[in-house]
Structure formats: structure tokens, C-alpha cells
Amino acid sequence: MRFQLIVTNHPTAEIARPSVFVTDSVTGKRHFIGQVPEGLQRQCNEMGFRTSRLDTMFLTGIMDWTAISGLPGLILTVADQGLKDLQVVHTGNNILQYVVASWRYFVFRFGLKLKIDDLDVYKSDAYNVKAVNIKSASQKHMKLSKAFDRVSDLVQYIFLIKTGMGNTGRALMNIEIPSDVHNPKVSANYIMTGNPIRGRFLVEKAKELGCPRQKYKNLCNFQSVTLDDGTEIKPEQVLEPQRTFDSILFLDIPGPEYLQNTIKHDWKSELSGKKYSAVYHFVDESVNDVLDLPEYQQFIRSFGPDTYHFISHRQYVPDTLNFLASYVVSLKWHALLPDLFPLFRWSDQPEKQIPEGLSNVRPMLCGQTLGFGPGVTSIMRANSCTSTDEVVKTVRNAYAEEIAPLQLPNFVSEEEFVKLATAPPNNKLKHAPDRRRPLKEQVEVLVLGTGSALPSKLRNVISNAVRVPTESGYRTIFLDAGENTLGSINKLYSQEDVATLFRELKVVYLSHLHADHHIGIVALLQKWCQVRSEHDKLYVVAPWQYEKFLVELQRIDSTLDLANIVYLSCDQFNSGKVRPEFEQIPIEDVPENETLKARGTQIEPRKNIQLQSQLYKDAGLNAIKTCYAFHCEYSYSCVLDFAVGSESFKVAYSGDTRPRQAFAKLGYDCDLLVHEATLEDDKYEDAIEKRHSTTLEAVQMGILMKTKKLLLTHFSQRYRYCSSAAKVYEKLQNPLRSNSEVDPRSPILKVPLIADMVDNAPRIEAIIAFDNMHIPMDKFGLQKKVFQALGDKLERLFNSDAEENMQEENPPNNKKRRAT
């Protein structure tokens, strides 16, 4: 087969939208058709599917955040993998350039030539793709501002193709892109057809006709050859008939308002004498019971009995496990610490079966493979999602090869382990605290991701939520939210609990503008908009540039309603001298040759005391304090002081940073410190270069703060397990003891400790975070007991989860991988 069409994801609670990768067996290049939701990049890691050979991406459906929320991270990753050229196509909307330009606050990459196109027909040496745009029933045509002609320039500068200059981020942030944008929401559909292949050259026939060997090439190139005696040999005399391809149709129906225009369109007229050998139906879940609709059944039958149909719709595809490797890690931890590790919700059975009579319709499933060649299309793998049988097999293998040989005391049996993996979980959020117990003991931390820079098989990127009790319920805050945070929440908790969590949500805090810390925030805001009450407000505390990104995004995505979202800059809470903000210059006022010189008008931030007070009242806070982190420009550490009954509960969060005494003083005597520990102590030089903390530096910050609880997170993706656990506990037990393995150059380790710090250190309860933890404050001490009881057996238990091609958080050739 010339092409293989591989389904990389189907809609689940964790990954919202579908996509298909097309692999060319001759060139090895990969082409993408579908949408790029959060979690897609991690799914490719799980499947062992390399994205570094991506050539062209065809985005289906309408342009909204959910459709492309995984695209910024994917582009950054493939650029770091060495990809030099990438073409992204979305036809019918003329606003993809605008969307990418809105990323200028947090996406920069030197050396990737990113080409954004709005094409009707795409032609390559191997295949053609024809776009067909379907309007909604209420579609109106509106023209874009002429200033949009300049937006493509910004995209080129984001990826630094036109210049060898260094970081152009500040200049581009100070330019205002046109505000009179209108998203027409035309749905993009595509018809893929392989280019005809020349028939086999008949050597014996050419010899028989007397053609000299040196003329064979002419005939193969469809050029006639004239012999010395004047005889003409035509190509068709020595070539078998040309082999042609049928077509593959990719339909995207984003909502009920697109249904009738899609099924009434004359799809056969889009072809030139061929037929559709397969149709992929990407149907949004808002089109309820689509396969039960008589008109849609008739639409499917109109293609004929020999056409394969694959339906992508939440009702007809199962909510399967996407990240099996990560699930096995959680299973192991759940067996050791069931109170801290809830299990995923999943099923390999769909909500609805495909109706009888549609025998050529199949659910579209992750891993499903279709072979596509001249004159033939065949299903190579029909049902290839993560089935219960596959889960059981994987879990049994893990038990036999990784668990049983260690002879762990009090570990569950193999059958119990399998039952944990397959039984419906009973994870439930507490909707109200126990009034008989101290409220501070009932604060909960949700650790939804612990990795740095990019998602991997075993770790998602950083994301933390803290639930703080009131007399009658809880308040929730998020401390950064990397890609697919909402997906992790959906996988861990029931729909009722997810709704409760978002009704509780009061504050989203963003420490800095690196993409691995905030790509998941928009989805959180969208979910909050769905469940909020009429007068609720949600407060976003972030660097000042992030508000501008949200405003620009809202112009093309109406599901992001900013009316009740209140924005405050991190500098509103900074007690020291603050950095300036800048008033943006409209792009039409910037001369074309001075794009990189735009500076804007400097604005000194002024604190809005009234708005701060309203935030404190609505979120039950006594205060928020921030200070600058030592990481990138406009990066912050923070302390949030909550009123809990008659007491105070202080949460300190480092964000990404080198250790700073200013932060230690700001968070002194806190109840919980969440601190990054990106690198282990033997990587001190890397920590200096990349402006991160080592494990023991983070522990030292906890000692200096005299914290009660310490959560270490944001680990380099090179690590599968924290081998520094013993050093962590030893350092806390003996805070004054020097450690020969700690680089003596670390200034924070030389800061003198006062008596209160020394006395408190052994009482600090430390957690080394793993993904998908749910930690009540009174359970913080449980993990240490497991580490100490199992010793090196625990390291072998989790290091056995081998992950090939582990990527570091900052590859050598891109020191500022996620930098602004």
C-alpha cells in the first residue's frame, strides 16, 4: 500500500477531537488530517508515533481553541526535533494566521519555516487534497480588515525565519493585531486522492520494437521515441495502463447547524470519474444520535456498499484509556497508597452501538489502520483501541516482570491488581468538609501533571489544584495548568464531581508565560463558563501579557466568555519595584520594515485596591503576595493566604525558578510549599543554565520557609522516578549536615538557618509528586513510610517503566525551548 491512514485519537473524556495521520510508504513523510486537541502529542508518544517527519497538516472543521489547542506545543516539539519545514492548512476561514499570531506572547522558535495556508487544492508529488467548505445554516459573509495582510509577517517573525536576530518576543508583544476579526466558522472538509502511478515498463516489448536501451527513460517519461528508420514508438506501446487511486473523504460536522448542508452537498460532483473508497465522519457530540437519523443513514448509503465509513462521535466510540503506560504507574502507586492515587475512569464499550443495516460503518478507533493504494483500499487493523483484554494483558505482564520479582511486602495479589485495573473506580470528591475535624487538615491538593517542558508517556506537564474548605464547601484554585489539565480531571472524576470542582473554582494563577504552564488554562475557563452561576466571577492572576492573549482568542472563539472573568496582573500583588507594562501599537501603524523595532508606550502598573479587595472577598483570601522568580522575564512566585474558619492557611508556589531568598521570606511559616525540583543534584550546572532548582535546593527552600508540608514537582522528563527521596528525608532530618554530593556553589544551601528553621525541619512532611495524585493535608506523611519501607525496591519498581527516547526539558540546541 502506498499510504497508511492511522487513527491517532478518537474522542474521549481526555482527548476531545479526532485526527488521522497519513504515512507515505515511499518517502516516509507523514501528513495529518483532523484536529489538534490537547493530549494529541502525548498520545503520539504513547503509540511510538514520531512526529518529527510531519510534512503537512490539514485542519478540519471550524477554527476554535479546542480544535488547535495542542498545536502550539506540537509545533515547538517538532521544531526541537529538527523539523525545518511545516505547512499547516485550514481552508475557508482566512484566520489561521491570526490565531498563530496570537501565540506571540509565548511561542518562539528559531529555524522552523512554518507556512500557514488557506488553499482550495493542495498538490504534492504523491497526492492531491481538495478542500470543500461547508457553511452553517446561518452563515453570513464578512470581510476581514486589510490590516490582516500584515499578520503573516508576525507569524514569520515568531518563528524567526526572516531574521537571525535573537529573541524578538518583546517587540512582537508590543504590536496590536487587528481587532475587527470575525470567525465565519466555515467547516473545512477534505478529499484526498493519490496521484496516478505509471504502469510497469514492458522491457521485452521495447526490445521487440527495437528501442535502444538509452531511450527507455524517454518512454518512461511519456515521451515518444523515433528510431533511425523513422519508426515512432509511443509510450502506451511499452507501458502498462496507468494505475489510479480512488478518494478518501474527511467530513467534519462541528454542530447541528452544519448537518443539513453537509448531507445535501453533492459530494460525487467533487470527483472526476472515481469513487470514495472510505469516508471518515468527524461528528461533534452536539449532533445527538446522528446514526439514528434516517437522513444520515441515507447519506451514508448514497456512497454505495463498497465504501468504508468510520464514525467519530462520543456516543459511538468508547471512552478508552489513552495513556496506558501512565495508568500502570498509577496502578502501582494505588496498590501502595490507595488514599493518594485515584484510578482512571474508562471503558472499551461505547454508549451506543451502530444501528443494524449500516454494515459498512465502523466506530473510528485509535490505532485503526487503513491501507490506501492504486485501485485498492483495505482495512489493515479494524479494531485497535485499548481494549479490556489489552489492559489485562499489560497489567499481568507488569505484575509478572516488574512487581512479583521484587517480593514487595503487603502488596496486592496479581488477581487483585488486575481487578483494580478493570473495576469501575469509586473516586469521589468531598462536596463538604467534616465539621468535626479541623478545616486545615481537610485542604486537598490535586496533582494533575508533574513534568516539565513537554508531555511524555509517563508524565503530563505541570498542573496543580488546591481545594480549601469553608464551613459549607470548598474553594478551588489552580496553580498553573499545562496542556490537557481538563482531560486529566475528566478521566479521574465523574461528571458530577467535575461540575462541582468548577463551581468551586475561584482563582487561576499563572506563574509565567511558558507554554507548558498555561496551554490548559483556556479549557479550564471554558469549562467554568459552562457551569457557573449567573453572578459568579472567576479571577485570573497572571503576567499582564496573558490577558491580551485571552482577549485576542475570544474574538474567534465565542465559547471563551470573558464577561465574568476578572483579570489581575501578578504585579498587582508584588511588594517590590515592578516591571513596566506596554501599551500596544496597532499593526497598521508600524512600518513594514520596523516590525522588530516596535516598543510601545511604557505604562507603570497601578494597583487596583478595590479589585484586590473584591477578589479576597469572593475567594475567601486574606492576601496574595508575589515576587519575581529567577527564570524568565515576567515570571513570578506567589503566596496565597486563605481564611479557613478562624485560622489562616498559606500556600506558597514557586513556579519555575532558581531558589530565591526573597521567596523564602515571602512564604515564611506557610502551611504548604509547592516547589519545582526540575533536576536532581548532579545536574547543578544544568539547573544554573536553565534557571531551575535541584531537588535539595527545593528542600532547602522548604526549610528556610519553615513550611509544614512540602510538595516537590515539575521534574525533568528524563526522570521516571525520584531517586533523591532518601536525600530529601535525610536533609529534613538533619538540616545542618553538609552533603558532599550537593554542589557547594549553590548559594541557597549556604544561607544560615535560625533555630526555628532547624527545629521545624524534621517535622516537615514531604511529598514527591507523581501524576494523578489527590492528597489531603492529613495524608502527607504516608508516602515517606512507603519510601523508607521499600528502599531501592521502589526505585526498581518504577524505573522498570522504561520509556524510550526520553526527551529533556531543554534540548541542547534550543536552550529556551518554551521561552518567550
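Quick note: numbers below take in every heavy atom, side chains included, and nothing from hydrogens, waters or symmetry partners. The structure presented is a predicted model; accordingly, all values stated were derived computationally and were not measured.
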So, do Pro72 and Ile519 sit near enough that their side-chain heavy atoms are less than 4.5 Å apart? yes

Looking only at heavy atoms, what is the nearest atom pair of [X] and [Y], with distance?
{"X": "Leu59", "Y": "Ala188", "value": "O-CB, 3.7 Å"}
{"X": "Tyr258", "Y": "Thr262", "value": "O-OG1, 2.7 Å"}
{"X": "Ser187", "Y": "Asp252", "value": "OG-O, 2.7 Å"}
{"X": "Leu154", "Y": "Arg104", "value": "CD1-CD, 4.3 Å"}
{"X": "Asp516", "Y": "Ala453", "value": "OD2-N, 2.8 Å"}
{"X": "Phe372", "Y": "Leu5", "value": "CB-CD1, 3.8 Å"}

Between [X] (side chain only) and [Y] (backbone N and O only), is there a donor and an acceptor less than 3.5 Å apart?
{"X": "Lys268", "Y": "Ser302", "value": "yes"}
{"X": "Glu483", "Y": "Gly39", "value": "yes"}
{"X": "Asp246", "Y": "Ser277", "value": "no"}
{"X": "Asn183", "Y": "Met63", "value": "yes"}
{"X": "Arg53", "Y": "Arg30", "value": "no"}
{"X": "Ser247", "Y": "Ile191", "value": "no"}
{"X": "Gln87", "Y": "Met57", "value": "no"}
{"X": "Ser69", "Y": "Glu38", "value": "yes"}
{"X": "His90", "Y": "Gly61", "value": "yes"}
{"X": "Arg150", "Y": "Ile177", "value": "no"}

Check side-chain hydrogen bond (donor to acceptor under 3.5 Å, both in side chains) between Ser326 and all other residues, then give those that pass, not counting sequence neighbours. Arg42

For Asn484, all residues meeting side-chain hydrogen bond (donor to acceptor under 3.5 Å, both in side chains), sequence neighbours excluded: none

The criterion is side-chain contact (heavy atoms from CB on, under 4.5 Å); which residues satisfy it with Leu209, sequence neighbours excluded? Lys205, Ile233, Gln237, Val238

Salt bridge (Lys or Arg N to Asp or Glu O under 4.0 Å) contacts touching residues 14-29 (sequence neighbours left out): Arg2-Asp24, Arg17-Asp64, Lys29-Asp55

Pair listing, salt bridge (Lys or Arg N to Asp or Glu O under 4.0 Å) test, anchored in residues 212-238, at least two apart: none

Measure up the Phe303 and Phe299 rings against each other and bin them: parallel (under 30°), tilted (30 to 60°), perpendicular (over 60°). perpendicular

Which word best sums up how the rings of Phe250 and Tyr280 line up, parallel for under 30°, tilted for 30 to 60°, or perpendicular for over 60°? parallel

Hey, could you give me the [atom1]/[atom2] distance between [X] and [Y], rounded to the nearest 0.5 Å?
{"X": "Met1", "Y": "Leu370", "atom1": "CE", "atom2": "CG", "value": "8.0 Å"}
{"X": "Leu454", "Y": "Arg459", "atom1": "CG", "atom2": "CZ", "value": "12.5 Å"}
{"X": "Lys207", "Y": "Cys211", "atom1": "NZ", "atom2": "SG", "value": "11.5 Å"}
{"X": "Glu390", "Y": "Thr386", "atom1": "CD", "atom2": "OG1", "value": "5.0 Å"}
{"X": "Leu112", "Y": "Lys84", "atom1": "CG", "atom2": "NZ", "value": "8.5 Å"}
{"X": "Ile6", "Y": "Thr369", "atom1": "CD1", "atom2": "OG1", "value": "5.0 Å"}

For Phe282, check ring-ring contact (aromatic ring centres under 6.0 Å, His included) against everything at least two apart and list the hits. none

Go through the structure and list residues passing ring-ring contact (aromatic ring centres under 6.0 Å, His included) with Phe49, not counting sequence neighbours. Phe21

For [X], all residues meeting salt bridge (charged side-chain N to carboxylate O under 4.0 Å, His left out), sequence neighbours excluded:
{"X": "Asp117", "result": "Lys115"}
{"X": "Glu295", "result": "none"}
{"X": "Arg301", "result": "none"}
{"X": "Asp348", "result": "none"}

[Y] versus [X], side-chain donor and acceptor atoms under 3.5 Å:
{"X": "Gln41", "Y": "Thr77", "value": "yes"}
{"X": "Thr244", "Y": "Lys274", "value": "yes"}
{"X": "Ser456", "Y": "Gln717", "value": "yes"}
{"X": "Ser452", "Y": "Ser716", "value": "no"}

Lys/Arg N to Asp/Glu carboxylate O, Glu46 vs Lys457, below 4.0 Å: no

Lys/Arg N to Asp/Glu carboxylate O, Lys130 vs Glu270, below 4.0 Å: yes

I would like to know whether Leu596 and Leu172 meet side-chain contact (heavy atoms from CB on, under 4.5 Å); could you show each step before the answer? CA-CA 7 Å; Leu596 298 181; Leu172 299 187; 4.2 Å; yes

Only one of Ile197, Val203, Leu202 passes side chain to side chain contact (heavy atoms under 4.5 Å, CB included) with Arg200; say which it is. Leu202

Show the numbers, then the answer: is there a side-chain contact (heavy atoms from CB on, under 4.5 Å) between Ile300 and Leu291? CA-CA 9 Å; Ile300 288 172; Leu291 291 184; 3.8 Å; yes

Intermediate values then yes/no, ring pair (Phe, Tyr, Trp, His ring centres under 6.0 Å), His31 and Tyr127: CA-CA 11 Å; His31 315 275; Tyr127 64 93; 4.7 Å; yes

Applying side-chain hydrogen bond (donor to acceptor under 3.5 Å, both in side chains) as the test, list every pair that has at least one member in residues 303-313; sequence neighbours left out. His281-His309

For Val279 and Ile248, run side-chain contact (heavy atoms from CB on, under 4.5 Å): C-alpha distance rounded to whole Å, both residues' side-chain angles, the deciding distance at 0.1 Å, then the answer. CA-CA 6 Å; Val279 181; Ile248 308 288; over 6 Å; no

Report the C-alpha distance between Asp120 and Thr91 in whole Å, list the side-chain angles of each, state the deciding distance to 0.1 Å, and finish with yes or no for side-chain contact (heavy atoms from CB on, under 4.5 Å). CA-CA 7 Å; Asp120 293 325; Thr91 181; 3.9 Å; yes

Apply side-chain hydrogen bond (donor to acceptor under 3.5 Å, both in side chains) to the pair Thr8 and Ser19, showing each step before the final yes or no. CA-CA 6 Å; Thr8 41; Ser19 63; 2.7 Å; yes

